Amino acid sequence: MRAPNVFATAIFLSLLAAAAPAKAQTPLTEGIQIGLSTDNVSITAGFSGADLTIFGSLENPDPLVARQGRYDVIVVLEGPPKPVVVRRKDRVLGVWVNLDSETFENVPVSYSVATTRPLQDITEPNSYKQLSLGASNLYMQPADAGDSPATIEEFTAALRERKSATGLYSENVGGVQFLSQNLFRATVRLAPNVPVGTHKARAFLFKSGLFIKESSAQLEIRKSGFEQSIFRVAHNYSFLYGVFAISLAMLTGWLGRLIFRRD
Amino acid sequence: MGIYLPIAEISVNVFVLLAMGAAVGFLSGMFGVGGGFLITPLLIFYNIPPAIAVATGANQVIASSVSGVLSHMKRGTLDFKLGGVLLAGGIIGSTGGIYVFAFLRRLGQLDLFISLLYVVLLGTVGGLMLVESVNALRATRSGAAPVLKKSGQHNWIHRLPLKMRFRASKLFVSVIPVLGLGAGIGFLSSIMGVGGGFIMVPALIYLLKVPTNVVIGTSLFQIIFTSAYTTLVHATTNQTVDVVLAFLLMAGGVAGAQYGAKAGQRLRGEQLRALLALLVLAVAIRLAIDLFVTPPNLYSLSAAGLN
């Protein structure tokens, strides 16, 4: 029931690079493309996490640089942004109580990264910051900017820690592999609790540590099946759902008495 | 076999839930209580979010109460009028409870409040019951006849105004304590996901002096409607009722209850009460430990703007 579902989402790009005149004296600027064969993925009730494969290609790669392996690609699958409250428990009279909290706006619910090499080997920390790339470089915007920087920093760290502990923020080093000079394959992890909604797949191309280009595509993740219908009814027709729950309970009680009566 | 709960949004084992329902059903049949006070903490121990455990517990209580009421109706041990007045109070209390529930959830203090209420109530009721039943056991061992309070005895409750006659219970009492008791139980029902039988039964016996044989049927009767109301309001305001979860618990529960009732007839009253008291205390202690032990994660995330 919990077998991992693996969806391979393939894109096939016209490999323009192959057609590009190699003899040109001034090398054309490199580009990167990803595309998805489908723009929505349905996950079923028994979903226990999976790997999502994204194919992409480089445009006009310099064969020399490619041979030396100095092209790096980082692929990110970013979940829909949502506001989130981080709460901290503290001891009050020996009892652990949620005391302080900090609200952040527009925090991506999930953030899965796949890279060709460890992040610190690809480029400088500063360029990650500028690109807001990587779970530890995502800017978390506090709803109340008036709070002390130390507090904000503490809760931001806690937010990141919780997200990666629950598998929502993940990093797959070596998850991007070049299949040829142009073609690469990225494997990003979908956590079992992956949120539904519009996810954004982004690919970043680096050449010898320098950021060259970015490309993105959108992906809709939906839940399907019987359980999802229940969830929808519970939210859209909550009164009828309540009546149904009560009727079901009364019927079960009555039937249980009929079937199992012992007096 | 795993199953995904649509509202709780986690995967659980079907057989664990069926067994949980059956075990609690067995105990509830044996002791004549709804079992909500056991189901909700068990669900919380099983990592179901407390808000969903509470609302689903209320739903589950309906099934076991219907099952119980049917057998009491057959025996005629049910006071519809008394149940009706308790119910009127229950609706008021439950409505208040739902608002408090939503408010605490917004503050992030709901889980704590639920645990605290459980520890205090279960600890108190369990402790009192244990003392009482141990005393009764000692008394019977030493050969002395148990001292029963006569139903004619009056206390301050019987001096309140607005008296009403309840024929089936042979009672002439003010409606104020009856409504108040109903409201209190309704409040607990919506916050704790319990039917409230474990408080209602002793309160009816000791405070209102309702004859013991009518108490359980009447209490179950009003619990059906209070829990149904609680379920409905939770479903509409908080969307926290998980029918799949509730159904698995009920299916196990109604089966277990009928066998439990049979088993209960073989045990003596004091022994039964002492066992129930120990069980109630064990749940209270387990919940209390969780309050004091340093949690593995001091930080928790929740969606902002949740109502």
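Small disclaimer: the values here were computed from a predicted structure and weren't measured. Residue numbering restarts at 1 for every chain, and letters A, B, ... go by the order of the sequence lines.
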| said: So for B:Asp242, is it side chain, backbone, both, or neither that comes closer than 4.5 Å to the heavy atoms of chain A? | reply: backbone

| field | Side chain / backbone / both / neither for B:Leu107 at chain A, heavy atoms under 4.5 Å | value | backbone

Atom [atom1] of [X] with >12 non-hydrogen neighbours under 6.0 angstrom:
X: A:Arg222; atom1: CZ; value: no
X: B:Phe45; atom1: CZ; value: yes
X: B:Asn47; atom1: CG; value: no
X: A:Glu153; atom1: CD; value: no

| request: Ignoring hydrogens and angles, tell me if any N or O in the side chain of A:Arg257 forms a donor-acceptor pair with the backbone of B:Val69 under 3.5 Å. | output: no

Report yes if some heavy atom in the side chain of [X] is under 4.5 Å from a heavy atom in the side chain of [Y]; otherwise report no.
X: B:Ile7; Y: A:Tyr241; result: yes
X: B:Val243; Y: A:Phe244; result: yes
X: B:Ser300; Y: A:Val86; result: no

| query | With B:Val14, which residues qualify under side chain to side chain contact (heavy atoms under 4.5 Å, CB included), at least two apart? | reply | B:Met1, B:Ile3, B:Leu18, B:Leu248

Leading residue by heavy atom contact count with chain B [cutoff under 4.5 Å; candidates [options]]:
options: A:Ser101, A:Ala143, A:Ser238; answer: A:Ser238
options: A:Ser229, A:Gly242, A:Ala245, A:Gly256; answer: A:Ala245
options: A:Leu159, A:Leu240, A:Asn98; answer: A:Asn98
options: A:Ile230, A:Leu258, A:Asp90; answer: A:Ile230

| said: So for A:Tyr237, is it side chain, backbone, both, or neither that comes closer than 4.5 Å to the heavy atoms of chain B? | reply: neither

| said: Rounded at 0.5 Å granularity, tell me how far NZ in A:Lys89 sits from CG in B:Leu112. | reply: 8.0 Å

| query | Is there a donor in the side chain of A:Glu102 and an acceptor in the side chain of B:Tyr299, or the other way round, less than 3.5 Å apart? | reply | no

Enumerate, atom names and distances included, each donor-acceptor pair closer than 3.5 Å involving a side-chain atom of residues 226-233 of chain B, sequence neighbours excluded.
residue, atom, partner, partner atom, Å
B:Thr226, OG1, B:Gln222, O, 2.8
B:Thr226, OG1, B:Gln222, OE1, 3.1
B:Ser227, OG, B:Ile223, O, 2.6
B:Tyr229, OH, B:Thr95, OG1, 2.8
B:Thr230, OG1, B:Ser94, OG, 3.1
B:Thr230, OG1, B:Ser189, OG, 3.1
B:Thr230, OG1, B:Thr226, O, 2.7
B:Thr231, OG1, B:Ser227, O, 2.6

For residues 247-255 of chain A, please give each side-chain donor-acceptor pair under 3.5 Å, one per line with the distance, not counting sequence neighbours.
residue, atom, partner, partner atom, Å
A:Ser247, OG, A:Val243, O, 2.7
A:Thr252, OG1, A:Leu248, O, 2.5

| task | May I ask you to list the residues in residues 160-173 of chain A that approach chain B closer than 4.5 angstrom, counting heavy atoms only, ordered by number? | result | A:Arg162, A:Lys163

